[in-house]
Amino acid sequence: MSHMAFVGNKDKTYESQLPATEQYPALTVAEFQDVFHFLSNETEISVLHHLTLARLTVHTELVEMLTLHETLDHLSVHWFGEEAPGVSLYKQAVFSLAANRIVGNKLSTDATAEAADRQEALQQKADNCLVQYRQAVDLLLHGKATYTFEMV
């Protein structure tokens, strides 16, 4: 007798990735899963969709800097003296923005009165993801933190 498998089985590591470009590294869904394990019941297609859109947004924000510095690695060396921080910040920006949007979707589809506590917890996660995204982009654009955030 077969049983129904839970679509977003927490033990399933997704194989998909967004391939590297000339300027940016590849992004794997598995790495996103590792960082944002509270979103482990998302389908692979959903995660890939949100990563694709988030990456586009981040690339749009960084387009002028990348015109000056050609690649993310060059940009990172310019600000931080080494390549590694650029990759880490880039992943933080894309992953955090994708997570923010996924959580936002959950909030809009889970608006029941009983879920108020859960809603609040999710909203805090969404806000935190947005801060993480802004901080990463800020560091890539300016080489230092220029924004200050107040969580209201």
- prompt: Rounded to the nearest 0.5 Å, how far does CG of L66 lie from CD of Q23?
  reply: 4.5 Å
task: Evaluate whether atom CD1 of I45 has more than 12 neighbouring non-hydrogen atoms of other residues, nucleotides or ligands under 6.0 angstrom away.
output: no
Spacing of L89 atom CG and F80 atom CZ [to the nearest 0.5 Å]: 5.0 Å
Minimum side-chain heavy-atom gap K106-E42 below 4.5 Å: yes
- request: Write down the atom of C129, the atom of S96, and the distance for their closest heavy-atom approach.
  value: O-CB, 3.2 Å
Joint cluster assignment, L53 & F95, ILVMFWY side-chain distance < 4.5 Å: no
query: Minimum heavy-atom separation for E61 to L141, with atom names?
result: O-CD2, 3.6 Å
- request: Mind checking the CG-CG spacing from L130 to L97? Nearest 0.5 Å is all I need.
  value: 7.0 Å
- prompt: Given V87 and D73, is the side-chain contact (heavy atoms from CB on, under 4.5 Å) satisfied, shown in steps?
  reply: CA-CA 7 Å; V87 174; D73 287 346; 4.0 Å; yes
task: With the side chain counted from C-beta on, respond yes when H78 and L68 share a heavy-atom pair under 4.5 Å apart, and no when they do not.
output: no
query: Aromatic ring centroids of H59 and Y90 under 6.0 Å?
result: yes
- prompt: Quick one: CD on E83 to OG on S88, what's the gap to the nearest 0.5 Å?
  reply: 12.0 Å
query: So does E82 have more than 12 non-hydrogen atoms from other groups sitting under 6.0 Å from CD?
result: yes
field: All pairs passing ring pair (Phe, Tyr, Trp, His ring centres under 6.0 Å) where residues 121-140 contributes a residue, at least two apart
entry: none
query: Under a 4.5 Å side-chain heavy-atom rule over Ile, Leu, Val, Met, Phe, Trp and Tyr, are L75 and V77 clustered together?
result: no
- prompt: Is there side-chain contact between L72 and L140, with heavy atoms separated by less than 4.5 Å?
  reply: yes
message: Is there a side-chain contact (heavy atoms from CB on, under 4.5 Å) between M65 and W79? Walk through the geometry before answering.
response: CA-CA 11 Å; M65 286 306 280; W79 289 134; 3.4 Å; yes
statement: The reported gap from OG1 in T21 to CZ in R55 (rounded to nearest 0.5 angstrom) is 6.0 Å
message: Can you tell me which residue among I102, L18, L48, V94 is in a side-chain contact (heavy atoms from CB on, under 4.5 Å) with F32?
response: I102
- prompt: In terms of side-chain heavy atoms, does Q124 have a donor or acceptor partner in N128 at a distance below 3.5 Å?
  reply: no
- request: Run the numbers on Q33 and V47 for side-chain contact (heavy atoms from CB on, under 4.5 Å), then give the verdict.
  value: CA-CA 9 Å; Q33 285 177 288; V47 174; 5.8 Å; no
- request: Determine the minimum heavy-atom distance between G86 and S76, stating which atoms define it.
  value: N-OG, 2.8 Å
message: With a 3.5 Å distance limit and no angle check, can you tell me whether E44 reaches the backbone of E15 through a side-chain donor-acceptor pair?
response: yes
Worked verdict on V35 versus K91 for side-chain contact (heavy atoms from CB on, under 4.5 Å): CA-CA 10 Å; V35 179; K91 288 180 178 182; over 6 Å; no
task: Quick one: closest heavy-atom pair of V63 and T60, and the distance?
output: CG1-O, 3.3 Å
message: Would you compute the distance between atom CZ of R134 and atom CG of L139 and round it to the nearest 0.5 angstrom?
response: 11.0 Å
